[in-house]
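Input: a single structure, listed below in structure tokens.
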Amino acid sequence: MERLKEIIAAHAGQEGPLLPILHDVQAEYGHVSEEAVRMIAAALNLSRAEVHGVVSFYHDFRDEPDGRAVLKLCRAEACQARGVEALAQGIAEHPRVKVETVYCLGLCSVGPNALAGAKVHARLDAAKLAALVDALAAEVAA
Ligand code: FES
């Protein structure tokens with residue numbers, strides 16, 4: 001609760017604070033709980049429905065914990081040209097890693113790329129991607 005208040009306060013006075021607050025809450029807790037929605041709505045003078053609408057609209061936000069690590073695989077044009085679709089096909093469904101699609105991580109010349117947490121992994125090939133998925137899974141299991 002205190003940490004949530006700190007996150008909200010850190011964005012007080014900013015223009016358009018809702019998305020930055022939601023991103024920080026998602027990063028801190030892995031999801032945006034109903035309690036967080038209520039507190040954010042009250043702090044920003046919004047309805048809970050408005051905040052919940054943003055949470056449910058954006059793919060990055062979850063309203064309940066997922067329990068899996070997230071790997072964001074770039075499937076935009078430059079990474080496609082460098083073979084990301086074949087890599088994506090090769091990723092087996094993993095119980096501990098959720099693979100999501102993003103469109104350009106801004107490092108097109110060194111693709112295919114993926115984002116795990118705040119770290120970009122460049123020049124992926126099948127072996128590097130498999131190792132990355134295994135490392136993420138191990139982090140979740142730890
Ligand atoms: S297209 Fe993948 S990083 Fe730009």
Side-chain angles (χ1 to χ4, degrees), residues 2-41 43-142:
E2 282 306 309
R3 180 65 189 127
L4 187 54
K5 287 179 185 172
E6 288 173 11
I7 290 170
I8 293 169
H11 297 284
Q14 284 183 347
E15 206 162 304
L18 180 55
L19 286 176
I21 289 171
L22 291 174
H23 277 291
D24 285 357
V25 170
Q26 176 71 43
E28 183 81 19
Y29 299 104
H31 71 293
V32 182
S33 69
E34 196 55 45
E35 178 67 11
V37 167
R38 190 182 58 73
M39 288 180 62
I40 293 165
L44 300 181
N45 200 24
L46 298 170
S47 70
R48 286 190 298 177
E50 288 173 302
V51 177
H52 189 267
V54 173
V55 170
S56 60
F57 180 80
Y58 288 100
H59 194 64
D60 279 350
F61 304 131
R62 295 184 181 83
D63 57 8
E64 55 188 45
D66 185 276
R68 292 180 291 175
V70 175
L71 177 67
K72 297 183 178 191
L73 190 61
C74 177
R75 296 173 90 164
E77 285 180 28
C79 286
Q80 280 193 15
R82 293 172 183 269
V84 75
E85 290 308 317
L87 292 180
Q89 300 295 324
I91 302 174
E93 283 289 319
H94 200 292
R96 292 189 172 132
V97 179
K98 180 178 182 182
V99 179
E100 295 180 348
T101 295
V102 292
Y103 293 97
C104 198
L105 295 167
L107 296 166
C108 310
S109 64
V110 292
N113 301 314
L115 182 67
K119 186 173 180 190
V120 174
H121 299 265
R123 301 185 198 282
L124 291 173
D125 57 24
K128 286 182 181 177
L129 186 57
L132 179 56
V133 168
D134 287 346
L136 291 171
E139 285 178 19
V140 170

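All ligand and atom numbering here is 1-based and tracks the order in the structure. This structure is a prediction, so every number in the text was calculated from the model and none was measured.
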Exercise for the section: Please find out if atom 4 (Fe) of ligand 1 and some N, O or S atom of Cys104 are separated by less than 2.8 Å. Expected result: yes
Exercise for the section: State, with a plain yes or no, whether a side-chain heavy atom of Leu115 is found less than 4.5 Å away from one of Val120. Expected result: yes
Practice task
Pull out every atom of ligand 1 sitting under 4.0 Å from any heavy atom of Leu107, numbered as shown with elements.
Solution key: 3 (S)
Fill in the blank from the handout: Quick look: Asn113 vs ligand 1, heavy-atom contacts under 4.0 Å, and the answer is side chain
Problem - Sub-4.0 Å atoms of ligand 1 with respect to non-hydrogen atoms of Cys74 - result: 1 (S), 2 (Fe), 3 (S)
Handout entry: 4.5 Å side-chain heavy-atom contact, Glu34 and His52
Key = yes
Completion exercise
For Gly106, the atoms of ligand 1 under 4.0 Å from one of its heavy atoms are 3 (S)
Exercise for the section: Find out whether Ile7 and Ile40 are in side-chain contact, i.e. whether some heavy atom of one side chain is under 4.5 Å from a heavy atom of the other. Expected result: no
Problem - Tyr29 and Leu4, any side-chain heavy atoms less than 4.5 Å apart - result: yes
Practice task
Report yes or no: does a heavy atom of Gly111 sit under 4.0 Å from some atom of ligand 1?
Solution key: no
Exercise for the section: For the residue pair Leu19 and Tyr58, establish whether any side-chain heavy-atom pair is separated by less than 4.5 Å. Expected result: yes
Practice task
Please determine if Arg62 and Glu100 form a salt bridge, counting it only when a charged side-chain N lies under 4.0 Å from a carboxylate O.
Solution key: yes
Exercise for the section: Have a look at ligand 1 and work out which part of Cys108, if any, has a heavy atom under 4.0 Å from it: side chain, backbone, both or neither. Expected result: both
